[in-house]
Each structure stands twice: as C-alpha cells, then as structure tokens.
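Shown next, in structure tokens, is the structure this report addresses.
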Amino acid sequence: MEANAYLLEDYVQGLFSNLKQKMTSEDMERMVAAYMLAKEAHQGQMRKSGEPYIIHPIAVARIVAEEFELGANPIMAAF
C-alpha cells in the first residue's frame, strides 16, 4: 500500500473514531459497510488532480457528520 493510501485510511479511521462516540454500534456497522461499498465502487477512479476519487465522498461524509452534525443515514448517503 502506498503512502497516500495510508493517509487516506488514517483520515477515515479518524472520522469513524469521532463517530463512535455519537452513534450506536449498529449505525457504525452500517456506516463502515457504506464506506467499504464506496471504496470498492470507486477503486481505480482518479480525480483530475491524480488523487483517488474516494477522497471526495469521504470529505463529504466528514462535512455531513462534523459540520452539519447529521445522523447515520446522511453520512452513508455521502459515502
């Protein structure tokens, strides 16, 4: 796994760590599953900048979760 992939996983794990304090374990399982589906669906896709496309859905999920303080369903939709 290259360095960017490690940074991406750290970013996602930080988001999930914050959410664990606010969400039920069932919601956490559903959000992780939504992320894994998005990660698989966008595997190999790149942004114009050369970054993996999955960066965008992760960033949107973080905004929905932390700035808008919405629940599990909107976060899953963001992924």
Side-chain angles (χ1 to χ4, degrees):
M1 190 183 294
E2 65 181 59
N4 288 340
Y6 284 117
L7 292 175
L8 185 60
E9 288 301 315
D10 285 346
Y11 187 70
V12 172
Q13 290 309 314
L15 172 61
F16 287 146
S17 290
N18 290 338
L19 290 172
K20 279 182 184 177
Q21 299 170 14
K22 304 173 189 174
M23 303 287 174
T24 67
S25 60
E26 180 182 288
D27 283 343
M28 286 304 303
E29 287 178 20
R30 292 172 45 225
M31 285 186 288
V32 170
Y35 165 68
M36 297 305 290
L37 177 64
K39 183 178 173 183
E40 182 180 328
H42 296 298
Q43 189 169 5
Q45 293 179 333
M46 303 301 252
R47 295 173 57 89
K48 258 188 178 177
S49 65
E51 298 172 314
Y53 180 80
I54 192 66
I55 287 174
H56 179 72
I58 294 168
V60 174
R62 181 166 232 140
I63 291 167
V64 168
E66 295 177 357
E67 293 183 27
F68 297 160
E69 298 180 354
L70 298 178
N73 288 336
I75 296 167
M76 289 185 292
F79 282 129

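Scope of the values below: all heavy atoms of this structure, side chains included, with no hydrogens, waters or symmetry mates.
Between L70 and I75, every side-chain heavy-atom pair lies at or beyond the 4.5 Å cut-off. Residues F79 and L37 form no side-chain contact, since every pair of their non-hydrogen atoms from C-beta on lies 4.5 Å or further apart. Counting heavy atoms from C-beta outward, E9 and K39 have side chains that approach closer than 4.5 Å.
The distance from atom NZ of K20 to atom CG of L15, rounded to the nearest 0.5 Å, is 11.5 Å. For the atom pair CZ (R47) and NE2 (H56), the distance works out to 6.5 Å, reported to the nearest 0.5 Å. Rounded to the nearest 0.5 angstrom, F16 CZ and M23 CE are separated by 11.0 Å. In this structure, CE on M28 lies 11.0 Å from NZ on K22, to the nearest 0.5 angstrom. Rounded to the nearest 0.5 Å, atoms CD (Q13) and CG (N18) are 11.5 Å apart.
Cluster annotation: L8 is connected to I63 through the hydrophobic network of ILVMFWY side chains, with a link wherever side-chain heavy atoms come within less than 4.5 Å. Cluster membership for Y11 and M76, using ILVMFWY side-chain heavy atoms within less than 4.5 angstrom, is shared.
Partners of H42 by side chain to side chain contact (heavy atoms under 4.5 Å, CB included), not counting sequence neighbours, listed by chain and number: A38, Q45, Y53, I54, P57. In this structure, the side chain to side chain contact (heavy atoms under 4.5 Å, CB included) partners of T24, at least two apart in sequence or on a different chain, are E26, D27. Taking the salt bridge (Lys or Arg N to Asp or Glu O under 4.0 Å) definition, one finds that E66 meets it with R62, sequence neighbours left out.
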